[in-house]
Amino acid sequence: MRFGDFVGNAPVKRQLAAEIDAGRFPHALLLEGAPGSGRRTLARLIARAALCRCGEAAARPCGTCAACQKEVPPDLTEVGGDGTAIPVDTIRWLREDAYLKPNESDYRVILLADAQLMGAPAQNALLKILEEPPAHVLFILTCDSRTALLPTIQSRCVCLSLTPVEWAEAEPLLRARLPQASPEELHRAFDLFGGHIGQVIDGVGDGTFRQVLDLVPKMALALTAPTELELLVLTGGLEKEKTLLSGVLSGLSLVCRDALVLQYGGTATLSTAPEVARQLSARLTGPRLTALMEQIEGLQYALLRNMNNTLLLTRLCACLRQAAGH
């Protein structure tokens, strides 16, 4: 199998290539990873490889056969991925669609993006077809975390986890995709978004990165302000901005990390606000900074699990202020 410009995650690619090149497509594949980890890009590549008509498995998707040339292959059905809940009626429709024979390929591929947005009824409806799928159907699911899915669904899928990419691998792709950004800006965005290429591309492209640069120093200092009001005001615009909130949490984590490093005599800083890190280092003790990092990590996990943003922001203000000793 060919992966094109999909960089990183070499172990996952090796496993997929070994199976797919041998003609052993799993009937159900689950790709988990943080937003921007490339899970949907990889899912589409796998789908294309399954539908490709090239005689050499290692060259799929070839990009030149009739199936590859079509923008929307007739044997690919893709649902989800728009950020809204996936209703049970959609899953019931997919179950019926699964029994249709392929039009021109060996398989029919059903790609279910953001599967974590299925409620229990939808997941149970999907389970029925996963238990006894037609031989010609391949299911590819993507999600933030497999823990959001029923154990019975997990057990019927081959689960692969996507991890952040190393800077050396990401840099050429990011420079090609974001030529307007300076190398320094790209590296800072890469660190801020934790090595998730999709978040870097979107964040720099749509201005989210600039918003994070503006918000993080203000929110970090608000953690030690006399009252909670300043932090509440700053978080007010984050209620419907999940990507921005994710970037802010990463930025706050890096600032607290830098403050801790500075407090213990280190000099290497990673955050986008080193001067604020110095101020926090002077204002907070080591245990307080450690507690802040632990709370931020918990908030990042809750965000990954799709916790309601309003509740998450309420928890953010209370927990971070408490960890900072206010």
Side-chain angles (χ1 to χ4, degrees), residues 1-20 25-51 60-61 73 76-86 90-91 94 109-118 122-123 126 130 138-150 153-166 169-170 173-174 177 189-190 193-203 205-206 208 242-243 245-247 250 300-307:
M1 177 179 171
R2 301 195 312 172
F3 293 92
D5 60 1
F6 184 83
V7 300
N9 286 281
V12 170
K13 290 193 289 190
R14 282 196 298 269
Q15 181 177 343
L16 284 169
E19 295 296 317
I20 291 172
F25 281 94
H27 84 273
L29 181 65
L30 174 62
L31 302 175
E32 68 170 349
S37 61
R39 63 196 186 202
R40 194 169 186 181
T41 298
L42 182 57
R44 286 172 171 167
L45 274 171
I46 296 168
R48 289 282 183 172
L51 301 177
R60 299 175 182 172
L76 172 61
T77 302
E78 183 173 346
V79 298
D82 60 358
T84 61
I86 301 173
T90 297
I91 302 302
L94 282 178
V109 180
I110 295 177
L111 198 167
L112 186 57
D114 290 340
Q116 76 277 0
L117 297 181
M118 290 187 294
Q123 291 195 42
L126 178 65
L130 290 182
L138 303 177
F139 286 92
I140 305 175
L141 285 66
T142 71
C143 67
D144 291 346
S145 171
R146 71 182 72 179
T147 58
L149 300 177
L150 295 173
I153 287 183
Q154 297 178 47
S155 67
R156 285 161 175 79
C157 297
V158 174
C159 300
L160 298 176
S161 299
L162 300 184
T163 57
V165 178
E166 296 293 332
E169 293 181 287
L173 176 63
L174 291 176
R177 296 286 294 273
F190 179 84
F193 291 113
H196 296 115
I197 291 179
Q199 290 189 35
V200 178
I201 292 172
D202 291 343
D206 66 11
T208 299
K242 184 176 180 179
T243 301
L245 177 55
S246 177
S250 296
Q300 289 173 314
Y301 180 73
L303 183 64
L304 190 64
R305 293 293 305 273
N306 290 295
M307 183 177 185

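Atom CZ of Arg60 sits about 10.0 Å away from atom CG of Leu51, to the nearest 0.5 Å. Between the CG atom in Leu29 and the CG atom in Leu112 there is a gap of 12.5 Å [rounded to 0.5 Å]. Separating the OG1 atom in Thr77 from the CZ atom in Phe139 is a distance of 9.5 Å, to the nearest 0.5 Å. Rounded to the nearest 0.5 Å, atoms CG (Leu173) and CD1 (Ile197) are 5.0 Å apart. The SG atom of Cys157 sits 11.0 Å away from the CD1 atom of Ile140 when rounded to the nearest 0.5 Å. In this structure, CZ on Arg156 lies 10.5 Å from CG on Leu126, to the nearest 0.5 angstrom.
By the 4.5 Å heavy-atom criterion applied to side chains, Phe25 and Val109 are not counted as neighbours. Here the side chains of Leu42 and Leu16 are in contact, with some heavy-atom distance below 4.5 Å. Here the side chains of Leu160 and Gln15 are in contact, with some heavy-atom distance below 4.5 Å. In this structure, the side chains of Ile46 and Met1 come closer than 4.5 Å at one or more pairs of heavy atoms. Looking at heavy atoms from C-beta onward, Leu30 lies in side-chain contact with Leu149 at the 4.5 angstrom threshold.
Distance alone, capped at 3.5 Å, is enough to place a donor-acceptor pair between the Arg39 side chain and the Gly33 backbone. Of the possible polar contacts, one joining the Asn9 side chain to the Thr163 backbone as a donor-acceptor pair under 3.5 Å is found. Counting only distance, with no hydrogens or angles, the side chain of Gln199 and the backbone of Pro35 share a donor-acceptor pair below 3.5 Å.
Not a single side-chain hydrogen bond (donor to acceptor under 3.5 Å, both in side chains) links Gln123 to another residue, sequence neighbours left out. For Ser161, the side-chain hydrogen bond (donor to acceptor under 3.5 Å, both in side chains) partners at least two apart in sequence or on another chain are Glu32, Arg146.
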Next on the checklist: Could you walk me through whether Ile91 and Ile86 satisfy the side-chain contact (heavy atoms from CB on, under 4.5 Å) test, starting with their C-alpha distance in whole Å, then the side-chain angles of each, then the deciding distance to 0.1 Å, before giving a yes or no?
Outcome noted: CA-CA 8 Å; Ile91 302 302; Ile86 301 173; 3.9 Å; yes
Next on the checklist: Before you tell me yes or no, could you show the steps for Thr243 and Asp206 under side-chain contact (heavy atoms from CB on, under 4.5 Å), namely the whole-Å CA-CA distance, both residues' side-chain angles and the distance that decides it to 0.1 Å?
Outcome noted: CA-CA 11 Å; Thr243 301; Asp206 66 11; 5.8 Å; no
Next on the checklist: Set out, in order, the CA-CA distance, both residues' side-chain angles and the distance that settles side-chain contact (heavy atoms from CB on, under 4.5 Å) for Gln116 and Ser145, then state yes or no.
Outcome noted: CA-CA 7 Å; Gln116 76 277 0; Ser145 171; over 6 Å; no
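Taking each heavy atom of Ala113 and Thr142 in turn, the nearest pair found is CA-OG1, 3.2 Å. Nearest heavy atoms, Phe6 versus Leu45: CB-CD1, 3.9 Å. A pairwise comparison of heavy atoms in Gly8 and Lys13 identifies O-CE, 3.0 Å as the closest pair. Minimum interatomic distance between Arg40 and Gly80 (heavy atoms only, all atoms of both residues): NH2-O, 3.4 Å. Closest heavy-atom contact between Leu117 and Thr84: CD1-O, 3.3 Å. Contact detail for Ala115 and Leu141: the closest heavy-atom pair is CB-CD2, 4.1 Å.
Counting non-hydrogen atoms of neighbouring residues, nucleotides and ligands closer than 6.0 angstrom, the CZ atom of Arg2 exceeds 12 such neighbours.
Ionic pairing of Lys242 and Asp114 is not present here: no N-O contact between side-chain nitrogen and carboxylate oxygen is shorter than 4.0 angstrom.
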